[in-house]
Amino acid sequence: MTGFVDIAKIIDGKKDNEQVNVRGWLWNSRSSGGILFLMIRDGTGILQCTVNKRNVDEANYNKLEKLTQESSLEVSGIVKKDQRALNGYELSVNNLGTVYIAQPDFPIAKKDHGLEFLMDNRHLWIRDPKLMNIFRIRSKFMESARKYFWENEYTEIQSPSFQTGACEGGSTLFEVKYFERKGVYLSQSWQLYAEAMMSSVGKIFTLAPSFRAEPSRTRRHLSEFWHLECEEPWSNLNNINETGDRLVCYIAHKLANEMPREVKNAGRDPNELLKLKPPFPKITYDEAVEIVQKSGTEMNWGDDFGWQQEEPLTKEFETPFWVRGFPTGIKPFYHMPDPARPEVTLSSDLLAPEGYGEIIGGGQRVHDYDQLVQRIINDGFIPEDYGWYTDLRKWGTVPHSGFGLGVERVLCWMLKLEHIRDAIPFPRDMRRVYP
RNA sequence: UCCUCGGUAGCUCAACGGUAGAGCAUUCGGCUGUUAACCGAAGGGUUGUAGGUUCGAAUCCUACCCGGGGAGCCA
């Protein structure tokens, strides 16, 4: 058998009444006397393949009738529109190609399972059509993110995963023991290296994993997440917010326009993504504190948003919105204090609506040497430990800005997912590194 | 790290101090339009681990292991 058709093409209605070959894995099968219903998935979708005893020879019929779940097979037949079939189209099978019989004990039954069991069998659970659908959208997400930056003449850069300094607070570092020098950690962000590379090639971005050893076990946290970060020379807070607006809208529109069926199946109406338009609303940190206090939740000026503070805030908006000007004390040293008001920084977080919360964090960086050294000291670090980083301000410093976006968090919001673990094939947290 | 809930057949659960049970899955048989198909039969157990209380423990107590949800913090 040669020349196979993607199931996605069939259920999009592009092969109606044609004789085609399909190959994939048997998701489920049912029989009723002389008629067999095979649900075949091929990575692009699921197709009901109907086998009538009268249309195939007896040997093939018997073979198909005995197929175990997850057996892989090639079939050919005629595509027919049929409302009784899942997805509206079915294949009326008339021939059978290669078959690989699976063992009869596939663990993931056509039945409810507990999360512990499913996570222990994540390597098989990812075949689930719901998950498969999300991972295909995730791929489009990565493609769109890169396309946005490429089209806007950013250079893609890779930074090291082994680093010697903290840039997001020391308690969340993963220490790596292999190196002869002490104090080597997995990257939490490309931030410090980005600022170095920026002075080489200008506007840059990266798409890479970041590691946070936060003992957090919530539906919004991963120990290893994919980080989309960018850094721009000659850029201030307003400029970088604009980049964030346009990037997020670009990705949202790409997903909605190029994978509407998949986005809908994941749980989000594509039209809601198409409605997003830059710029997103902006409020100050001070205003955000007032909104939270008015909602009856406790919060003092100077506190960071916990989940309890963030949730009432995100319910006020229907699109993502920026919170700008966080207090100097709660942002890392590389954030630039506002010259007009040094108690706050030129920083901003983008919060997604519907309770999804923070998806981007960034802002304008400190470009003055003395100010940076003072900020490092104030954060309780030793400037000598950041020697190469402070060097950057000695030669050719320039106002610059950047941000980091959590890929899985944005996917969660855009696809209306309930848990961040579904946005990544093999999620990691402190209780889960296998499989 | 802390709080909280849980661990019984391959899976989902019941039994809550007195002989360990059901549905699904698996195997076999039946059914020509099924949608987690349905109907009939069969096989399937050291109740997470280690101690303790008791005539008797899946059940009560202690410790540990594993996991779900959440908090602080973050993308």
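Just so we're on the same page: letters track the sequence lines, and every chain starts at 1.
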Do NZ/NE/NH1/NH2 and the carboxylate oxygens of Glu143(A) and Lys140(A) come within less than 4.0 Å?
-> yes
For the residue pair Tyr185(A) and Phe174(A), is the inter-centroid distance of their aromatic rings smaller than 6.0 Å?
-> no
Roughly how many Å is it from CG in Asn52(A) to C1' in rC31(B), rounded to a whole number?
-> 14 Å
So, Arg146(A) and Glu156(A), do they make that salt bridge, N to O below 4.0 Å?
-> yes
What is the nucleic acid contact for Glu310(A), judged by heavy atoms within less than 4.0 Å: base, sugar-phosphate only, or nothing?
-> base
Can you tell me if Ser29(A) and Gln69(A) form a side-chain donor-acceptor pair at under 3.5 Å?
-> no
Have a look at Glu90(A) and say if it touches a base, only the backbone sugar-phosphate, or nothing, with a 4.0 Å heavy-atom cut-off.
-> base
Look at the side chain of Arg421(A) and decide which nucleotide, out of rG33(B), rG68(B), rC73(B), has an atom nearest to it.
-> rG68(B)
Tell me, yes or no, whether the heavy-atom count around Lys264(A) atom NZ, taken from other residues, nucleotides or ligands under 6.0 Å, exceeds 12.
-> no
Lys/Arg N to Asp/Glu carboxylate O, Arg84(A) vs Asp82(A), below 4.0 Å | yes
Tell me what Leu222(A) touches on the nucleic acid: a base, only sugar-phosphate, or nothing, going by heavy atoms under 4.0 Å.
-> base
Are Arg23(A) and Asp42(A) close enough for a salt bridge, meaning some N to O gap below 4.0 Å?
-> no
What integer distance in Å separates Met39(A):CE from rG33(B):C1'?
-> 12 Å
Separation of Asp304(A) atom CG from rA71(B) atom C1', in whole Å?
-> 15 Å
Could you check which of rU34(B), rG67(B), rA75(B) has an atom nearest any side-chain atom of Phe37(A)?
-> rU34(B)
Which listed nucleotide (rU32(B), rG69(B), rA36(B)) is nearest to the side chain of Asn28(A)?
-> rA36(B)
Using atom P of each nucleotide, how far apart are rA36(B) and rG17(B) to the nearest Å?
-> 39 Å
Identify which nucleotide among rU32(B), rG69(B), rG70(B) has an atom closest to any side-chain atom of Leu115(A), counting heavy atoms from C-beta outward.
-> rG69(B)
Could you give the distance separating rC5(B) and rA9(B) at their C1' atoms, to the nearest angstrom?
-> 24 Å
Pick the P atom in rC74(B) and in rU26(B), then give their distance to the nearest Å.
-> 49 Å
Per-nucleotide protein contact along nucleotides 23-28 of chain B, 5' to 3', at a 4.0 Å heavy-atom cut-off (B base, S sugar-phosphate only, - neither), is -S-SS-
Determine the contact category for Phe225(A): base if any of its heavy atoms lies under 4.0 Å from a base atom, sugar-phosphate if only primed atoms, P, OP1 or OP2 are that close, otherwise nothing.
-> base
Can you tell me, in whole Å, how much space there is between the C1' of rG21(B) and that of rG44(B)?
-> 13 Å
Counting heavy atoms from C-beta on, name the nucleotide in rG68(B), rG33(B), rA75(B) closest to the side chain of Arg217(A).
-> rG68(B)
Kindly say whether the aromatic ring centers of Tyr148(A) and Phe205(A) come within a distance under 6.0 Å.
-> no
Gap separating the CD atom of Glu354(A) from the CD atom of Glu318(A), nearest 0.5 angstrom | 9.0 Å
Decide ring-ring contact (aromatic ring centres under 6.0 Å, His included) for Tyr386(A) and Phe333(A); before the verdict, give the C-alpha distance in whole Å, the side-chain angles of both, and the deciding distance to 0.1 Å.
-> CA-CA 11 Å; Tyr386(A) 293 90; Phe333(A) 56 78; 5.2 Å; yes
Assign Arg219(A) to base, sugar-phosphate, or nothing according to its heavy-atom contacts below 4.0 angstrom with the strands shown.
-> sugar-phosphate
Arg220(A) has its side chain closest, among rA71(B), rU34(B), rC3(B), to rA71(B)
In terms of side-chain heavy atoms of Glu214(A), which of rG33(B), rA71(B), rA75(B) is nearest?
-> rA75(B)
If you measure from the Lys or Arg side-chain nitrogens to the Asp or Glu carboxylate oxygens, is any gap between Asp429(A) and Arg217(A) under 4.0 Å?
-> yes
What is the nucleic acid contact for Ser31(A), judged by heavy atoms within less than 4.0 Å: base, sugar-phosphate only, or nothing?
-> base
Kindly say whether the aromatic ring centers of Phe321(A) and Phe280(A) come within a distance under 6.0 Å.
-> no
Sugar-phosphate only, base, or nothing, as touched by Glu408(A) at under 4.0 Å among non-hydrogen atoms | nothing
Base, sugar-phosphate alone, or nothing: which one does Asp120(A) contact when heavy atoms must sit under 4.0 Å apart?
-> nothing
Between the base of rC11(B) and the side chain of His113(A), is there a donor-acceptor distance below 3.5 Å?
-> no
Side chain of His221(A) - closest among rA75(B), rU34(B), rG68(B) | rA75(B)
Can you give me the N/O atom pairs linking the protein to nucleotides 39-43 of chain B at distances under 3.5 Å, or say none if there are none?
none

According to a 3.5 Å limit on both distances, what stems of 3 or more consecutive Watson-Crick or G-U pairs are formed with RNA chain B?
-> B:1-7 with B:65-71, B:10-13 with B:21-24, B:26-30 with B:38-42, B:48-52 with B:60-64
